[in-house]
There are 2 protein chains.
Amino acid sequence: MEQASLRDLNEPLIDHAEGQFFLNEAFKIIMEEVLSNGTDIKQKVCEWKEPEELALLLDLGVRETGEPRDKLLQRVRDVAKYSIKTSHPHFFNQQYGGVDYHSLAGRFLTEALNTNLFTYEVAPVFVLMENEVLRGLRQLVGWTEGDGIFCPGGSTSNMYAMNLARYQRFPQVKSQGVWALPRLSIFTSPESHYSVKKSAAFLGIGLDNVIFVKVDDRGRMIPEDLDEKIELSKSQDAVPFLVSCTSGTTVQGGFDPLEHIADICDKHKLWMHVDACWGGSVLFSKKHRHLMKGVDRANSVAWNPHKMLVAGLQCSALLLKDTTNLLKQCHSANATYLFQQDKFYDVNLDIGDKSVQCSRKVDCLKLWLMWKAVGSTGLEERVDKAFIHARYLVEQMKKREGFQLLSMVAPVIKERMMKQGTMMVGYQPLGNKVNFFRVTVFSPLLSQKDMDFFLDEIERLGKDL
Amino acid sequence: MEQASLRDLNEPLIDHAEGQFFLNEAFKIIMEEVLSNGTDIKQKVCEWKEPEELALLLDLGVRETGEPRDKLLQRVRDVAKYSIKTSHPHFFNQQYGGVDYHSLAGRFLTEALNTNLFTYEVAPVFVLMENEVLRGLRQLVGWTEGDGIFCPGGSTSNMYAMNLARYQRFPQVKSQGVWALPRLSIFTSPESHYSVKKSAAFLGIGLDNVIFVKVDDRGRMIPEDLDEKIELSKSQDAVPFLVSCTSGTTVQGGFDPLEHIADICDKHKLWMHVDACWGGSVLFSKKHRHLMKGVDRANSVAWNPHKMLVAGLQCSALLLKDTTNLLKQCHSANATYLFQQDKFYDVNLDIGDKSVQCSRKVDCLKLWLMWKAVGSTGLEERVDKAFIHARYLVEQMKKREGFQLLSMVAPVIKERMMKQGTMMVGYQPLGNKVNFFRVTVFSPLLSQKDMDFFLDEIERLGKDL
Ligand SMILES: Cc1ncc(COP(=O)(O)O)c(C=O)c1O
Ligand SMILES: Cc1ncc(COP(=O)(O)O)c(C=O)c1O
């Protein structure tokens with residue numbers, strides 16, 4: 001071997017002391033910019049820049065040579081500065097605002113440990129922990145046994161449920177594809193999340209085979225219409241196999257009547273899936289869990305602790321009532337390089353083959369640590385408070401004139417608020433009605449003054465319109 | 001409103017001072033246990049416990065009430081202690097060993113900022129950054145334009161490629177499902193990653209329609225056999241639409257001959273996908289990029305910086321040559337609550353609808369910061385060094401007697417190494433041959449003494465067998 005390569009072999013390319021120093025400095029910046037300034041109501045939620053200007057400011061291009069430490073730390077600072085402060089109390093824009101420090105500590109630890117949920121061998125702690133967290137969530141659903149898995153987001157959880165429902169009814173789909181099956185149909189409400197449609201397209205079932213069931217004026221599926229639509233679909237030579245209900249619709253927060261839907265699923269022998277990505281957390285609340293009455297009769301439930309519980313992205317659980325190892329049968333490929341059968345421990349702990357992913361991030365630790373920190377009671381309190389906030393907002397809005405008229409000027413108000421950076425809230429059309437603002441108010445950081453701020457600020461931004 | 005709820009409204013549920021104190025303490029533990037002790041060759045790679053014992057030690061159950069700070073910090077310590085030290089120089093077990101501190105700083109920042117790649121509005125920095133990083137990767141592939149997206153793992157990237165190939169050829173699949181299509185067939189080598197099979201099952205194409213092309217003794221697809229298999233499939237009334245080549249097979253590290261395969265794809269007008277999840281990083285190396293000669297002729301490339309580049313889980317890019325917005329057309333659902341068309345900025349920056357996910361984690365920052373820190377030259381050096389290490393190991397193994405005989409005793413050696421915690425390396429059968437150890441040696445932390453340690457340790461663990 002030549003001299004050069006021998007020298008190469010003797011020098012690791014990473015300098016731990018320098019690396020740890022950098023990480024320490026970066027941590028300080030994160031603490032200051034993201035967690036202290038970023039949650040301070042006297043500071044802006046966003047520092048709006050037009051895309052071209054921002055690209056220049058950030059100097060994003062990657063190059064041949066590296067950069068010195070100080071420059072890199074400045075980059076960390078810039079990324080923080082120009083990013084949206086999603087933990088800020090005035091970020092009402094999406095279903096993931098706020099911060100929980102225990103969860104965040106769990107996320108840092110997850111990143112540092114950098115492992116994968118393949119096998120007990122590479123993730124002994126997390127295989128057991130995921131199991132336990134899933135058990136805890138299933139218990140809230142009302143199941144003493146079952147199965148489950150964390151997925152990279154609720155859309156994937158919903159997609160898994162669809163694939164499992166199909167496989168349970170027609171296991172030959174795995175080897176022969178959809179050609180071996182009759183045309184299938186899926187039932188959901190038009191208020192359901194778009195991932196139901198995306199899943200149907202992706203799995204080869206097709207958008208046309210997603211049938212929309214009518215909703216009432218609160219956005220809840222009407223069971224009688226479901227029954228009729230199922231009969232109609234059968235009469236058109238399709239085979240209904242899945243009803244995807246929603247607990248907490250994305251825009252209106254509606255809860256489908258699960259008991260009634262369960263009766264219909266029983267009658268027609270359909271897989272009942274509950275997309276509780278948004279609303280599932282009400283199961284922690286004695287006061288509000290009635291909204292999901294009947295959920296224990298479902299076959300599967302998708303639930304995103306990264307939304308209402310502020311566990312941090314990504315954290316989505318798919319829960320199954322099944323006890324026949326359907327998940328593994330449906331998804332497994334039995335790769336010999338990972339899932340050797342001659343191991344010295346119980347290979348049922350090698351849960352990787354339950355997923356269609358190979359590498360799978362650890363998403364349970366953040367939720368587990370937060371749950372340990374505040375207990376189920378602490379999480380219940382957060383849910384209850386979110387409802388109190390929502391009720392307060394509605395009451396106050398009724399008292400203020402002009403809030404009904406907002407809708408036509410929503411895009412203008414939105415532009416003003418972004419450019420001034422004072423708060424963020426999303427707007428959207430509802431059905432064929434005009435635009436309205438959707439305020440999410442579940443963050444555990446919020447208090448009454450933030451609700452009042454929201455109302456005042458909307459008025460201020462829109463007063464000349 | 002009652003008194004109780006009014007009080008509730010006035011008190012946020014999060015105490016920032018306490019939270020930030022906790023995070024600081026947790027950070028110190030991470031530094032000490034995971035990054036200092038965890039990379040120290042005098043310390044163990046793993047602290048093996050039987051599952052039952054570990055579950056007891058960790059006290060995993062979640063409860064009604066929360067726990068005090070000290071107990072929670074002890075939990076952070078325990079999780080670190082009993083987890084595998086994947087950054088340890090003697091973790092040769094998987095394709096993600098090692099640590100890069102710049103990447104890790106990027107991951108912490110990502111977690112603290114906690115946002116989503118839906119829209120420019122919620123992720124201005126990251127929408128532009130992802131764009132730029134994808135451009136940088138595409139440039140290495142040899143494309144001056146194109147498209148792409150980060151996916152939650154290489155399996156998902158491969159699956160996306162399959163779905164895109166299908167949609168491009170038969171766009172009606174999105175609305176009508178697979179029933180509207182002729183039976184399709186996919187070509188790959190038996191050495192390809194199992195995600196090709198998982199994808200075919202998931203997308204409704206079916207395992208039987210994945211056709212395996214013969215490989216040579218280094219695990220590389222034989223182009224002549226590919227051509228024959230395509231003809232055969234056509235004669236059996238299937239429609240070939242995709243060849244999934246591999247650059248860096250999972251077990252043997254083989255590189256399929258892309259130029260030859262591209263000719264055949266041209267001839268039959270098939271989508272050419274290159275699964276370069278493992279091997280893609282050779283494109284950084286002037287010395288080794290010839291292994292992927294012809295990759296610029298592909299339609300899509302999947303590449304995992306979370307593997308050879310140690311960017312941290314998850315970091316997988318799907319790169320596309322397409323300039324017709326195929327990705328968005330194929331995956332979009334046009335949800336009005338996210339992707340309003342009356343926005344005050346260019347809505348092409350709202351990239352969320354390119355994904356079948358809704359929430360999508362920011363996976364680009366860690367790679368970007370690392371790339372800025374060491375430059376393309378720094379990454380090239382890491383790749384070159386990985387090859388030097390691999391070559392050194394092979395040479396040394398030839399010199400040592402007994403290494404050929406290892407295979408029968410691999411499971412025993414594995415058990416001993418885990419229980420003693422001195423190192424970790426995976427073993428597996430290769431085709432119908434017996435077991436062998438697969439050593440991954442790309443971590444930038446490694447030097448010659450780690451290679452020697454590996455060899456000595458295998459001998460020590462197996463000497464009485
Ligand atoms: C009801 C509902 N289901 C599913 C999802 C999708 O979850 P994710 O964003 O994690 O993919 C959402 C997200 O907004 C949702 O509101
Ligand atoms: C060649 C190849 N392709 C794809 C994958 C899957 O990547 P991921 O684990 O990110 O899903 C792997 C992982 O081992 C691989 O080796």
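Worth knowing before you read on, the calculation uses all heavy atoms, side chains too, and leaves out hydrogens, waters and symmetry mates. Every chain is numbered from 1 and lettered A, B, ... according to where its sequence line falls, protein lines coming before strand lines.
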Check against ring pair (Phe, Tyr, Trp, His ring centres under 6.0 Å), B/F27 and A/F27 = CA-CA 8 Å; B/F27 180 74; A/F27 180 74; 3.8 Å; yes

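- Using a 4.5 Å cut-off between heavy atoms, B/A26 contacts chain A through its side chain alone, with no backbone atom that close.
- Side chain of B/Q357 to main chain of A/P152: a donor-acceptor pair is present (N/O by atom type, distance under 3.5 Å, no hydrogens or angles).
- At a 4.5 Å heavy-atom cutoff, the contact between A/F22 and chain B is made by side-chain atoms alone.
- In this structure, chain B has heavy atoms under 4.5 Å from both the backbone and the side chain of A/H102.
- Checked by atom type and distance alone, the side chain of B/S155 pairs as donor or acceptor with a backbone atom of A/C358 at under 3.5 Å.
- Using bins of under 30°, 30° to 60° and over 60° for the plane-to-plane angle, the ring pair B/W48/A/F344 lands in the tilted bin.
- Looking at every heavy atom in both residues, B/V79 comes nearest to A/L109 through CG1-CD2, 3.7 Å.
- Judged by distance alone, with hydrogens and angles left aside, the side-chain atoms of B/S195 form no donor-acceptor pair with the main-chain N or O of A/V356 at under 3.5 Å.
- When all heavy atoms of B/A112 and A/S87 are compared, the pair lying nearest together is O-OG, 4.3 Å.
- Looking at A/N93, only its side chain comes within 4.5 Å of chain B, counting heavy atoms on both sides.
- Only the side chain of A/R438 comes within contact range of chain B, judged by heavy atoms closer than 4.5 Å.
- In this structure, no portion of A/K71 lies under 4.5 Å from any heavy atom of chain B.
- With a 4.5 Å cut-off on non-hydrogen atoms, A/Y82 touches chain B through its backbone and its side chain both.
- Considering every non-hydrogen atom in both A/H306 and B/S359, the closest pair reads NE2-OG, 3.4 Å.
- If you take CD1 on A/I84 and CZ on B/F126, they are separated by 10.0 Å, rounding to the nearest 0.5 Å.
- The structure places CZ of A/F202 at 5.0 Å from CG of B/N163, a figure rounded to the nearest 0.5 Å.
- Every residue meeting the side-chain hydrogen bond (donor to acceptor under 3.5 Å, both in side chains) condition with A/S376, not counting sequence neighbours, appears here in chain and number order: A/W371.
- In terms of heavy-atom pairs under 4.5 Å with chain B, the best-connected choice from A/V374, A/L128, A/L313 is A/L313.
- Contacts with chain A were tallied for B/N131, B/L184, B/T110; B/L184 has the most, counting heavy-atom pairs under 4.5 Å.
- For A/D100, the parts lying near chain B are the backbone and the side chain together; criterion is any non-hydrogen pair under 4.5 Å.
- Within the 3.5 Å criterion, the main-chain N or O of B/E64 finds a donor-acceptor partner in the side chain of A/T377.
- With chain B as the partner, the residue from A/A333, A/G136, A/G106 showing the most heavy-atom pairs under 4.5 Å is A/A333.
- Note on A/S443, A/S83, A/C330, A/S316: by heavy-atom pairs under 4.5 Å with chain B, the leading option is A/S83.
- A donor-acceptor pair is defined here as one N or O able to donate and one able to accept, closer than 3.5 Å; no such pair exists between the side chain of A/K174 and the backbone of B/L207.
- Looking at every heavy atom in both residues, B/Q20 comes nearest to A/L35 through NE2-O, 3.3 Å.
- Contacts of A/L349 with chain B are made by side-chain atoms alone, with heavy-atom separations under 4.5 Å and no backbone atom involved.
- Counting non-hydrogen atoms of other residues, nucleotides and ligands closer than 6.0 Å to NZ of B/K372 gives a total above 12.
- Ring geometry for A/Y101 against B/H16 counts as perpendicular: the plane angle is over 60°, on a 0 to 90° scale with 30° as the lower cut.
- Only the backbone of A/S355 comes within contact range of chain B, with heavy atoms under 4.5 Å apart.
- Listed by chain and number, the residues in a side-chain hydrogen bond (donor to acceptor under 3.5 Å, both in side chains) with A/D78 are A/Q74 (sequence neighbours excluded).
- In plain terms, the two heavy atoms of B/N24 and A/M31 that are nearest each other are ND2-CE, 3.6 Å.
- Heavy atoms closer than 4.5 Å to chain B are found in the side chain of A/Q94, but not in its backbone.
- Distance alone, capped at 3.5 Å, is enough to place a donor-acceptor pair between the A/W179 side chain and the B/L181 backbone.
- Using a 4.5 Å cut-off between heavy atoms, A/N116 touches chain B through backbone and side chain atoms alike.
- For a residue to count as touching a neighbouring chain, one of its non-hydrogen atoms must lie under 4.5 Å from one of that chain's; by this rule A/I30 touches chain B with the side chain only.
- With a 4.5 angstrom heavy-atom cutoff, A/N114 touches chain B via backbone and side-chain atoms both.
- Using a 4.5 Å cut-off between heavy atoms, A/Y345 contacts chain B through its side chain alone, with no backbone atom that close.
- In terms of heavy-atom pairs under 4.5 Å with chain B, the best-connected choice from A/E50, A/R360, A/H331 is A/H331.
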